[in-house]
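First the proteins, then the strands, lettered A, B, ... as listed; each starts at 1. Side chains included, hydrogens not; waters and symmetry mates left out as well; all remaining heavy atoms used.
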Protein chains: 2
Amino acid sequence: MTVRVRLDDLRWRNRAAVIAAIRRARQPSRTEIVSATGLSHSTISAISSDLLAEGVLSEPKASEPLALKRGRPQVALCLNPLAATIVTVDLSLNALSAAVFDYAGGVLAEERLRLATQEISAQALVDEMIAMVRRLLGERSVGDPQPLRIVVAVQGVCDAAARSMLWSPITPHTDIGIADALEAALSIPTAVENDCNMIAYALRSHDPESYHDDFIAILLSHGIGMGMVLKGEIFTGTHSSGGEFGHMIHQPRGALCRCGRHGCVEAYAGNYAIWRNARMHCDGQMPNKEITDADVLALATIARMSEGPEREAFRKAGEALGFTLGSLFALIDPAPLAFVGVGASVFDLMEPSLRTALASTVGGQHANAITLTTETDEKPLIREGTAKRALDFIDRNVIATSNLAANTSRSSTSS
Amino acid sequence: MTVRVRLDDLRWRNRAAVIAAIRRARQPSRTEIVSATGLSHSTISAISSDLLAEGVLSEPKASEPLALKRGRPQVALCLNPLAATIVTVDLSLNALSAAVFDYAGGVLAEERLRLATQEISAQALVDEMIAMVRRLLGERSVGDPQPLRIVVAVQGVCDAAARSMLWSPITPHTDIGIADALEAALSIPTAVENDCNMIAYALRSHDPESYHDDFIAILLSHGIGMGMVLKGEIFTGTHSSGGEFGHMIHQPRGALCRCGRHGCVEAYAGNYAIWRNARMHCDGQMPNKEITDADVLALATIARMSEGPEREAFRKAGEALGFTLGSLFALIDPAPLAFVGVGASVFDLMEPSLRTALASTVGGQHANAITLTTETDEKPLIREGTAKRALDFIDRNVIATSNLAANTSRSSTSS
DNA sequence: CTAATTATTTCGAACCTCGAAAAAACACTC
DNA sequence: GAGTGTTTTTTCGAGGTTCGAAATAATTAG
């Protein structure tokens, strides 16, 4: 339904548009903002002087490699790093990390920790996060701006409201109310997001040329995750963070998956599945040891040398991915793909069978035209995407909406 | 990106909100519109008096079964049927129909025709549509309002811009520029849409209780189509009308599909696939006769009587649907389902295996909670959904935006 | 030093929505 | 039947927003 618009909404939307334009262009002049937003000079002038007065923007002093043109030089604006801070947390299998970012997106502090996520209680998991954030914030000096938001990226499924981790392979516990716990302990608004969605977020701001309105990031690791951007928006399910590509069915009643069900793609293309196909004789049970990235790389080395069960295992993984991508593309049409994680570094072994399988589906009928890139290290992407997510949120919901009443009054003495 | 808002946008958005509220509530008073839209009394008063003056709205005369309350009685507003007309066209296998609707959604004229869509040329197909619309419009008297839009619902895949039918099982020809052809011949803005998306549109306006923001309509007929509403919006692909559920892969390298590929759901659950499984011994080739709805109903009668290949064929169809829905739900989370078409009348034969298969997937883990309804006749749904689509479009893009300058000027003599 | 050029701000006009108050249209009561 | 109470709808002025045009500011070119 078309939704009504109040006069107040108008200003904050345009403030948000200005902030978004500056965040994208980094150091635009007012004139550049005019053409980026489509607003008039007068409006940009009014809004930017408001934002400067509020301390949201600042004028970078140095840097004048501007082309020496005639006329009044453009004066650049930038986000004031001191306007706010945000905190990112990344929770994955046996690893916890967190970082503090300033408003301009610079890293102020960070910490990493190994953690036996499989063994400890849900409470301990949450406590570790809280403690890490406390340590990071404690380091900072007193005058520093208060963090306006925490975003926790987790390897798992979250609810649609971004408050709980509903299910994750990294812990036996379910429905952990991470956001509530962190908010209670730290008094900072918190959201919980799926890590692959954050990867997609990062890819877009990293490389807007390749990844704009429609693309897919697939994390090939122990399990298989997906972050998808459709029509410019992160795709989420109706009740959860959604996009559980790894548990689409490749083969009905097929191989045993980590989730306890049968035939999921992950049961063919996850780390453990590749190892299982290369080393075990049946795919009806799980390997009795944890398969690491190193194990997969070792298999890949062997597979690259000669034909054998290792090469066949990667071939099967590629095939499973190809058929399942075919199903996905039947729904959403083909889109650029980025493969991220350890699977990206062994992607050469999977690509031929993936492309063959994909090309045999309706969804893959233009498979050759699909851009396909790889990115081996997911951690920095998750961190950057999470920070971008938090910053975009406060841009819209905190910064753009605050101080709306603090405008300069004009005296109109009409004759 | 946050998009800028001009002052002009504000008015037309609120006009659109008012029109949408009236279209939903049918005969609301101004006060009811106030609470439906959240706008103030003053604004509703201003907008509705504009719309009345423009002839978009009118006051229904009769009907005063209003509860006799104290106070000034509410005066109802309604859409003026004479404000505009729209045309719907429905193109499906061997059948073409069209109808003219008034602005309030009433049917003014309609026509149906049997047509050998498989045999005739693309040009002939388009010409038949144009001729039918011409006949329908010719019948109407001279003073009647000019049609503002044609929406063509086709059984096939369209491009994202809703101008061409890219591919369809009803004709061997591809990429037929239906919208361009109709616009050239009739001078009426035209859009081409997938028929299942129109079914979804109709379900929502028919039964908003069951179908609101997230639901799926699946057409079980010769082929299998899907219309999906996610977060209140019809879901479309990135380049096409998308949602080709029927060509998701159920079984890699499986049964031959009408599309020439192997293992699509449709190759297990389409009319021809059910017949093939019941009557032929291999699923690697197509039946050499056209399988009609009547054939399927006949098979169902046999299947209901005793165990045998017929019952097994329906069981297989249900299973294919169940596993594939599991994959779909892994992506988008479970949502209410409506099965439409002939398959809905034989759904009892598929439901048990469908539910079993679905329950064995991650996506179907809450399968029992899923609402599941059937609707045997798709034709009226397509027609109504198409009309609603056309009306919603002109509400927003024609009616709400026109006459924005024609406001009453107020004289302000400030002392 | 002046003119040309480009960027930014200022100012008034035109609109839009809102809240409060007024006007309108009815039912109820005496 | 007139007055009163109640609810709906319109009117009116205030406040806020964007826009275009004009004014102002800050440079380079000559």
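- Side-chain nitrogen and oxygen atoms of R13(B) include none within less than 4.0 Å of the OP1 or OP2 phosphate oxygen of dC16(C).
- Distance E59(B) CD to dT9(D) C1': 11 Å, rounded to the nearest Å.
- For dC16(C), the OP1/OP2 oxygens have no side-chain nitrogen or oxygen of R6(B) closer than 4.0 Å.
- In this structure, T43(A) does not reach the dT17(D) phosphate: none of its side-chain N or O atoms is under 4.0 Å from OP1 or OP2.
- For the residue pair T43(A) / S40(A), a side-chain donor-acceptor distance below 3.5 Å is found, with atom types taken as modelled.
- Applying the 4.0 Å criterion to OP1 and OP2 of dT17(C), one finds that N14(B) has a side-chain N or O inside that range.
- One atom, CG of L10(B), and another, C1' of dC15(C), lie 9 Å apart when rounded to the nearest Å.
- The distance from atom CG of D50(A) to atom C1' of dT9(C) is 13 Å, rounded to the nearest whole Å.
- Of all non-hydrogen atoms in C158(A) and E193(A), the two that sit nearest each other are SG-C, 3.6 Å.
- For D214(B), there are no side chain to side chain donor-acceptor pair (under 3.5 Å) partners, not counting sequence neighbours.
- Here dT17(C) presents its P atom at 13 Å from CH2 of W12(B), a figure rounded to the nearest Å.
- L7(B) comes within contact range of at least one nucleobase, with a heavy-atom separation under 4.0 Å.
- If you take CG of L39(B) and P of dC15(C), they are 20 Å apart, rounded to a whole angstrom.
- For the pair R383(A) and F101(A), the cation-pi criterion (under 6.0 Å, within 45° of the ring axis) is not fulfilled.
- Looking at the side chain of S45(A), the nearest of the listed nucleotides dT18(D), dT9(C), dT17(C) is dT9(C).
- At a threshold of 4.5 Å between non-hydrogen side-chain atoms, the residues R163(B) and V192(B) do not count as touching.
- Rounded to whole Å, the distance from CG on D8(A) to C1' on dT17(D) is 10 Å.
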Does the protein touch nucleotides 20-30 of chain D at the base, only the backbone, or not at all? Give it as B, S and - per nucleotide, heavy atoms under 4.0 Å. BB---BBBSS-
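- To the nearest angstrom, P of dT17(D) lies 18 Å from CZ of R11(B).
- Surrounding CZ of R6(A) are at most 12 heavy atoms belonging to other residues, nucleotides or ligands under 6.0 Å away.
- Following rounding to the nearest Å, I33(A) (CD1) and dT8(C) (P) show an atom-to-atom distance of 9 Å.
- Cation-pi geometry between K388(A) and F393(A) is not satisfied (NZ or CZ under 6.0 Å from the ring centre, within 45° of the ring normal).
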